[in-house]
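Start at 1 and go down the list; that is how both ligands and their atoms are numbered.
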Amino acid sequence: MNQDKVEEMWGPRTPDDFHYKGELPAWASEKPVYEWQEDYTEGTAPPNLKLEAELYDDEGRVRAGDTFSNLSRINVSRQGGPESYTPLTSFDQAKFHPTILENIQRMHYKDPTPVQKNAIPLLMSGYDLLACAQTGSGKTAAFLLPVLSKILTKLSRTAESTVNRPGARRTKASPQALIILPTRELGIQIFDETRRFTYKSPVRPVLIYGGAEMRAQREQLAKGCDVLIATPGRLMDAMERGAVALDHVKYLVLDEADRILDAGFAPTIRRVLLSSDLPRDEGLHMMMFSATFPKEVQAMARDFMKEDYCRLRIGRIGGTTTDIMQKVIKVEEYDKEETLIELLLSQPPSRTLIFVDTKRKADYLDDVLYNKYFPCISLHGDRSQHERELALEAFKVGKSPILIATAVAARGLDIKDVLHVVNYDLCEDIDEYVHRIGRTARAGNPGLATTFYNDRNYMIAPQLTRLLVECEQAVPEFLSEFVSENA
Ligand code: AMP
């Protein structure tokens, strides 16, 4: 392997390159991975160009791609709720607060996605909602926009903020909206999205999550907030320490509810719902989003939502979209390394996510590629949180555009703008496969997924073939025997 060839394609190695084997580079220690943003300007304030650039020009943000409109072909079904309602055809119809509409424009959102078209009118008219929608479908805006718009409209009318101004007697947060989610990564994503939608408004969001120091988060809570975004464990902790009161909560969102419950947080959520100071009257507006509808999620909706709650099912995105070009190639185990290197040298340099099946393999492959001068980094469950965040940041800003990860580490991370997903080791579960390839072609952008297949993977072959056919992809010769089986 020729160093020049790799460097010619992927760029020369610089002292700035971050790899676990070396010292942390200067950029990693200079730039905090995540910073609190306190500069929330009032509606009448002049534009804050620095903040605007930070909020809307972020390199790592997924931009709606050319094929975003394909999303509108996705199937939506509904049960419960009103007898009839009119799905949105444009954001202007939603009766949002003008500041929210301006910020939607700053985000360059042109048309609402299917989940937004349906969920927004239902939520604006106050229905509780259980929606089956995955990350990548635009679900965050589907619940954030109505909630934020309602808070803002009320704030403009009553000037009754839950933010504690300096000198205020209150020292705890009493949010109007509580958004509970399973991971800090999702929390950061929703927090950032909230900041974008509430720019030039007095609405203040705060994010708290486990694994990080409590002190800084407590300081933020003490200043009060309108929107609290929290992981369940840290929320409980903050409530027990008296840093959060739920008596002002009007909007309660459980995002990725299936994963919250999978992670064993059902008792915590029930405690928040039942035995806290949360007002459980008609005034509480509840919404749950989940990629699947397991029994526990349904039970929770039945137990806690209003009787006329609405269930929406938004078709599988990623699984059915034809935006992802799926290539399955036959590669024997002993040939995988060589094939991967050829692949990396044959594509234009772009963010590439490589899935392997074990932590050891991730370390090993990372070493192999790094020693061949590829700008790579790896991510797996044995890395500390700080290392994981650095690795993601290095990937996101393009310092390490090749990321080798185990599926466990990649689950739930919103890794953006990935142009190529490589299944170096194919998984056994088809949902897992869909989840992995769904890291590319987000928000209507095109993407490529290359899968190394050999006889060890025969377990998944029938389902994989069915999916390829369903997504109008080429079925390779060695899988053709499974086509008839599916017919
Ligand atoms: P989500 O499913 O909420 O994770 O959203 C996936 C990505 O799509 C995010 O980067 C959003 O900013 C983007 N997005 C959501 N709604 C729209 C829209 N209506 N138009 C363009 N991009 C959108």
Side-chain angles (χ1 to χ4, degrees), residues 55-74 76 87-94 96 100-121 123 129 131-149 179 181-183 185-199 229 253-259 287-292 312 314-319 321 323-324 351 396 410-419 434-435 438-447:
L55 294 179
Y56 304 107
D57 298 342
D58 175 9
E59 263 188 38
R61 210 153 64 77
V62 174
R63 293 231 174 245
D66 296 339
T67 48
F68 199 73
S69 54
N70 284 357
L71 289 183
S72 57
R73 294 204 298 264
I74 282 152
V76 178
L88 290 189
T89 51
S90 78
F91 285 113
D92 291 336
Q93 294 172 339
F96 287 144
I100 298 279
L101 280 175
E102 280 167 25
N103 289 332
I104 292 176
Q105 281 182 1
R106 290 191 175 96
M107 301 277 288
H108 305 288
Y109 285 8
K110 286 202 190 71
D111 299 310
T113 65
V115 63
Q116 292 162 2
K117 283 180 181 165
N118 289 277
I120 290 173
L123 293 174
L129 178 72
C132 181
Q134 292 173 329
T135 296
S137 59
K139 70 177 163 70
T140 314
F143 64 79
L144 273 184
L145 291 170
V147 168
L148 297 174
S149 176
I179 303 173
L181 28 75
T183 61
E185 287 81 11
L186 189 61
I188 291 172
Q189 192 187 320
I190 292 183
F191 179 70
D192 285 345
E193 215 77 326
T194 308
R195 290 170 57 205
R196 294 189 184 106
F197 288 132
T198 55
Y199 170 60
I229 301 158
V253 183
L254 293 187
D255 192 14
E256 302 207 352
D258 47 347
R259 291 183 51 211
M287 39 212 107
M288 273 164 83
F289 286 77
S290 187
T292 53
L312 275 185
I314 314 289
R316 192 163 70 169
I317 292 166
T321 171
D323 298 341
I324 307 173
R351 283 197 194 88
K396 216 168 105 175
R411 188 163 279 265
L413 297 177
D414 189 44
I415 302 173
K416 303 190 171 180
D417 277 351
V418 178
L419 288 186
V434 169
H435 183 81
R439 305 292 98 195
T440 181
R442 296 183 35 98
N445 291 288

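- Annotation for ligand 1: atoms under 4.0 Å from non-hydrogen atoms of Q189 are 4 (O).
- The aromatic rings of F143 and F289 lie tilted to each other, with the angle between the two planes from 30° to 60°.
- With a 4.5 Å cut-off on side-chain heavy atoms, I314 and K139 do not count as touching.
- Closest heavy-atom approach to atom 9 (C) of ligand 1 within the set H108, E193, K139: this belongs to E193.
- Every atom of ligand 1 with a heavy atom of T140 under 4.0 Å away is listed here by number and element: 1 (P), 3 (O), 4 (O).
- Here's the thing with D111: one of its N/O atoms is less than 3.5 angstrom from an N/O atom of ligand 1.
- Contact between P146 and A141 at its shortest, heavy atoms only, is CD-O, 3.9 Å.
- K110 approaches F91 most closely through the heavy-atom pair O-CD1, 3.9 Å.
- Residues Q93 and I120 have side chains not in contact (no heavy-atom distance under 4.5 Å, counting atoms from C-beta outward).
- Nearest to atom 15 (C) of ligand 1 by heavy atom, out of F143, F289, F91, Y109, is Y109.
- For ligand 1, the polar-atom distance check finds an N/O of G138 within less than 3.5 Å of one of the ligand's N/O atoms.
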